[in-house]
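Have a look at the structure below, then the notes.
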Amino acid sequence: LRSASVQVAEQQTTIRDISQLNEDILSSLPTGIVTVDTEGHITSANEAASRLWGQPAMVLTNRRIHALLPNSTTIHPADDQVRKERTEIIGPQDHRLPVELTVAPLRNYEGHQTGSLLVIEDLTAINQMEQRVKRAEHLAAIGRLSAGMPFQARQEREELRARWLA
């Protein structure tokens with residue numbers, strides 16, 4: 001009997017350790033992770049998802065995901081396919097954040113679908129970098145076009161460039 005109680009205690013410790021590891025992993029991710037039940041209600045959200053929406057996970061829990069991702073076309077909790085899309089979320093102070101959303105079926109240990117798993121990646125930095133690259137390409141094109149221009153035309157080009165960059 002004593003051996004059985006020791007085994008139970010060891011198993012409980014192992015379960016606590018695994019549970020804590022799972023919590024540590026989710027809280028360490030820079031990507032938002034949200035689970036949604038089959039009715040479309042949020043059942044959990046990690047810290048990154050909370051930061052994206054500017055609300056604590058406790059506030060997000062039980063809210064309808066469609067209210068927080070109004071422009072999304074991929075959220076169908078009963079669907080069985082993994083889908084990706086670029087969309088926007090409404091963040092703190094109604095600020096729109098560009099995100100990449102991946103939606104996958106969430107299954108229990110028996111393989112039954114219990115909802116959806118949403119992975120939300122903030123694209124703000126990527127979009128800003130893309131804009132800088134486009135701007136640099138545009139300026140390079142202006143430079144190539146003006147390389148053979150006479151002096152006066154180059155001065156006008158510089159004035160245009162200065163106005164465009166302002």
Side-chain angles (χ1 to χ4, degrees), residues 15-145 158-166:
I15 290 170
R16 271 194 307 274
D17 291 347
I18 291 171
S19 179
Q20 185 62 52
L21 177 62
N22 285 338
E23 286 181 34
D24 292 345
I25 290 169
L26 287 174
S27 67
S28 298
L29 287 172
T31 303
I33 305 290
V34 175
T35 57
V36 179
D37 66 17
T38 55
E39 303 297 316
H41 294 96
I42 295 174
T43 55
S44 68
N46 72 346
E47 289 178 27
S50 294
R51 280 191 304 275
L52 287 171
W53 276 298
Q55 299 178 24
M58 299 289 278
V59 173
L60 294 172
T61 302
N62 291 322
R63 292 201 49 201
R64 295 201 43 83
I65 191 64
H66 293 285
L68 297 171
L69 288 164
N71 299 326
S72 176
T73 59
T74 63
I75 302 173
H76 299 288
D79 197 336
D80 197 33
Q81 297 180 10
V82 175
R83 285 180 311 283
K84 279 189 175 190
E85 74 168 323
R86 285 189 174 203
T87 188
E88 290 182 332
I89 66 170
I90 310 301
Q93 291 102 27
D94 293 330
H95 181 74
R96 294 183 176 276
L97 294 171
V99 296
E100 182 173 78
L101 176 65
T102 303
V103 181
L106 182 62
R107 301 187 181 283
N108 65 12
Y109 68 96
E110 295 175 333
H112 297 107
Q113 187 169 345
T114 59
S116 295
L117 175 68
L118 282 65
V119 179
I120 307 164
E121 185 74 35
D122 185 354
L123 298 178
T124 302
I126 292 170
N127 286 357
Q128 289 171 346
M129 188 174 15
E130 288 173 351
Q131 289 173 353
R132 285 193 299 271
V133 168
K134 285 180 185 177
R135 187 177 197 166
E137 288 172 350
H138 183 73
L139 291 173
I142 290 172
R144 285 190 302 273
L145 286 173
E158 291 302 320
E159 289 173 16
L160 285 173
R161 180 184 283 170
R163 276 189 255 146
W164 191 71
L165 291 175

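- Remark: S44 engages T35 in a side-chain hydrogen bond (donor to acceptor under 3.5 Å, both in side chains) (not counting sequence neighbours).
- The minimum heavy-atom distance between R86 and L123, with the atom names listed, is NE-CD1, 3.7 Å.
- Under a 3.5 Å cut-off, the side chain of N46 and the backbone N or O of I33 do form a donor-acceptor pair.
- Taking each heavy atom of D122 and P98 in turn, the nearest pair found is OD1-O, 3.5 Å.
- Judged purely by atom type and a 3.5 angstrom limit, R107 has no side-chain atom pairing as donor or acceptor with the backbone of P105.
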Legend entry - L106 and T43: CA distance, side-chain angles, deciding distance, side chain to side chain contact (heavy atoms under 4.5 Å, CB included) verdict: CA-CA 12 Å; L106 182 62; T43 55; 5.5 Å; no
Inset, instruction - Please test V99 against T87 for side chain to side chain contact (heavy atoms under 4.5 Å, CB included), starting from the C-alpha separation and ending with a verdict. - result: CA-CA 6 Å; V99 296; T87 188; 3.8 Å; yes
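- A 4.5 Å side-chain heavy-atom check between K84 and L101 finds every atom pair outside the cut-off.
- For the side chain to side chain contact (heavy atoms under 4.5 Å, CB included) with L52, the qualifying choice from T31, I120, V34 is I120, the only one to do so.
- Taking both residues in full, the closest heavy atoms of L60 and I42 are given as O-CB, 3.5 Å, listed atom of the first, atom of the second, then distance.
- Using modelled atom types, one side-chain atom of W53 and one backbone atom of L68 make a donor-acceptor pair closer than 3.5 Å.
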Inset, instruction - Could you give me the CA-CA distance, side-chain angles and deciding distance for T114 and D37, then say whether side chain to side chain contact (heavy atoms under 4.5 Å, CB included) is met? - result: CA-CA 6 Å; T114 59; D37 66 17; over 6 Å; no
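- Among pairs with a residue in residues 61-75, none fulfils salt bridge (Lys or Arg N to Asp or Glu O under 4.0 Å), at least two apart in sequence or across chains.
- Under the side-chain contact (heavy atoms from CB on, under 4.5 Å) criterion, E88 pairs with N71, R96, not counting sequence neighbours.
- One N or O on the side chain of S50 and one on the backbone of A57 form a donor-acceptor pair closer than 3.5 Å.
- Annotation: salt bridge (Lys or Arg N to Asp or Glu O under 4.0 Å) contacts of E85 (sequence neighbours excluded): none.
- Remark: N62 engages no residue in a side-chain contact (heavy atoms from CB on, under 4.5 Å) (not counting sequence neighbours).
- The distance from atom CD1 of I65 to atom CD of E39, rounded to the nearest 0.5 Å, is 14.5 Å.
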